Every structure is written in C-alpha cells, then in structure tokens.
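Step one of this worksheet: look at the structure below.
Counting starts at 1 for both ligands and their atoms, in listed order. Given the structure is predicted, the values throughout are model-derived calculations rather than measurements. Residues take their numbers from the sequence shown, with the count starting at 1.
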Amino acid sequence: MRGAFITLEGTEGVGKTTNLDFVCATIRRAGVEVVRTREPGGTPLAEEIRDLLLAVRDEPVADIAELLLVFAARGQHLAGTIEPALRAGCWVVSDRFTDATYAYQGGGRGVDEATIATLERLVHGNLQPDLTLVLDAPFDSVASRLSGRTRDRFEREQRDFFERVRAGYLERAAELSRCVTIDATQPLDRVQADIVAALAPLLRGAGER
Ligand code: TMP
C-alpha cells in the first residue's frame, strides 16, 4: 500500500520545526512509519543544491537559475527519497515542497505561475501531497524570531518579499482542497490541536491505504 505524502509550509519563523516534530510524532503514535525530509534537500545531491541556493553571494542570482535549481533538487529528492518511501508504504513528511516554489519564486520573485506549472508537470507529473499544512502568521509576529539568526540568502530579504510570499501561500491554500491553513499566532497547544484535526481523516484511512 502506498504511503501518504504530507507537506508543511509557511514563511520563515512560523514554527515549522517544532510542528514538524509534532506531525511526525502524531503519525508514529498511530503506528505508521514516517520518513521526515525537507526541501530544498533530502538527498546528498539535493542538500548540495540547497547549499548553493541558500549561500549569500555577491553575484545576483537570476530568477530562472534559482527556479531551475529548486526543481533540480526536487527531481533528485523525488527519485532518491520521496518516491521509494511512498512505494514502500511509509508516510513522507516534508518540510516544504512545490507550494514553496509558487510562494517564493512565484509570489516573492514574481516568476509567472505558468512557468512554475510547466516545471511542476515535468518534474512530478501527477504526484501531489495528500495534505499540506500551511502555517500562517503575519510578518510582524515572526520578525523577531529571525533577528538572532545568521541569515541565509532568503532570510535576508525584506518585509515586502515575505508579505508577497505569505500572500502567495494564502492564495494557493484557498484554491486547493488538500491545503489546510493554520493560524500560527495561536498558543502552541491550539496550533497542535488544529494539526491533529487536519491529520485525522488521513490517519483514519491509514488502515485502508
Ligand atoms: P527552510 O530554511 O525553511 O528549510 O527553507 C529554505 C529556504 O528555501 C526558504 O527560505 C524558502 C526557500 N525555498 C524556495 O525559495 N523555494 C522552494 O521551492 C523551496 C522548497 C524553498
């Protein structure tokens, strides 16, 4: 039986890491094997591409180069990690996937949606997540979480960039039934109650998959 594919999305600082731990623990408690992974990354080659994407550099990075690197990493991640795990019946929980490309390269950088959709079809055909949790918070409520970090190339972007990324996520989540938007400004126990509710239908079906 093929496993379920779950993705977590959101702008920087919304608490993805803590909630990823929680999602994986909740699934494991239900007796299901989980592979946790991330994008860009998730295989040795894809992690090298991640380093290229995140490195702060003097040379401006062309939007098309950034976009193609993201999808190159994704192609490798699908072939090396995601597809084999799903085929083996494991569930896969990924910290970001193609919705991030629509939000960051589409919303943030202004790459047109049709170009992203063409690459999406090329790289993953009909494969889509079964469930996408979009952790949402306005920039002001998360900006302070970024201030102590050494910032990568994306984290150095300005407020208007993150606002466009957030709008990109919200627009996409409103259109796609697999996406559940969660208010990440709530106390952690409320955020996690929403996560449990979003996972419940998939977990109920776990025995039948
Ligand atoms: P992370 O640090 O949250 O794991 O994500 C790394 C950065 O990569 C984050 O700033 C968002 C960016 N990114 C894109 O721009 N496009 C993508 O498709 C993905 C997956 C990530």
Part of Lys16 within contact of ligand 1 (heavy atoms, under 4.0 Å): side chain
With heavy atoms under 4.0 Å as the rule, classify the contact between Arg96 and ligand 1 as side chain, backbone, both or neither. side chain
May I ask you to check if ligand 1 and Asp95 share an N or O to N or O distance below 3.5 Å? no
Has Glu155 got any heavy atom lying under 4.0 angstrom from an atom of ligand 1? no
Nearest atoms (heavy-atom pairs only) where Val56 meets Arg153: CG2-N, 3.9 Å
Presence of salt bridge, Glu171 and Arg164, under 4.0 angstrom: no
Would you check the N or O atoms of Asp152, main chain and side chain alike, for any that come under 3.5 Å of an N or O of ligand 1? no
Are Lys16 and Asp21 ion-paired here, with the side-chain N under 4.0 Å from a carboxylate O? no
Supply the members, apart from Val61, of the Ile/Leu/Val/Met/Phe/Trp/Tyr cluster built from side-chain contacts under 4.5 Å; use none for a lone residue. none
Contact between ligand 1 and Arg50 is defined here as a heavy atom of the residue under 4.0 Å from a ligand atom; is it met? yes
Report the nearest protein non-hydrogen atom to atom 19 (C) of ligand 1: residue, atom name, distance rounded to 0.1 Å. Ala100 CB, 3.6 Å
By number and element, which atoms of ligand 1 are closer than 4.0 Å to a non-hydrogen atom of Arg74? 18 (O), 20 (C)
Residue Tyr104 vicinity, atoms of ligand 1 by number, heavy atom under 4.0 Å: 10 (O), 11 (C), 14 (C), 15 (O)
What I want to find out is whether Arg2 reaches Glu83 closely enough, with some N-O distance under 4.0 Å, to be called a salt bridge. yes
Could you work out the complete set of other residues in the hydrophobic cluster of Val134, with links drawn between I, L, V, M, F, W and Y side chains under 4.5 Å apart? Leu45, Ile49, Leu53, Leu54, Leu69, Val70, Tyr104, Phe139, Phe154, Phe161, Phe162, Val165, Tyr169
Test item: side-chain donor near acceptor, Glu120 and Gln128, under 3.5 Å: yes
Looking at His124 versus Phe97, is the centre-to-centre ring distance below 6.0 Å? yes
Element-labelled atoms of ligand 1 that are located less than 4.0 Å from some non-hydrogen atom of Glu39: 20 (C)
Heavy-atom pairs closer than 4.0 Å: do any link ligand 1 to the side chain of Gln105, the backbone, both, or neither? side chain
Where the closest heavy atom to atom 8 (O) of ligand 1 is concerned, which of Pro40, Gly10, Ala73 has it? Pro40
Are a donor atom and an acceptor atom from the side chains of Thr98 and Arg74 found within less than 3.5 Å of each other? yes
Can you sort out which atoms of ligand 1 are near Thr101, meaning under 4.0 Å from one of its heavy atoms? 17 (C), 18 (O)
Would you check whether Arg153 reaches within less than 4.0 Å of ligand 1, judged by its heavy atoms? no
Contact check, Glu12 vs ligand 1, heavy-atom distance below 4.0 Å: yes
Proximal ligand 1 atoms for Val70, defined as those under 4.0 Å from one of its heavy atoms: 16 (N), 17 (C), 18 (O)
Looking only at heavy atoms, which two atoms of Ala198 and Leu131 are closest? And how far apart? O-CD2, 3.6 Å
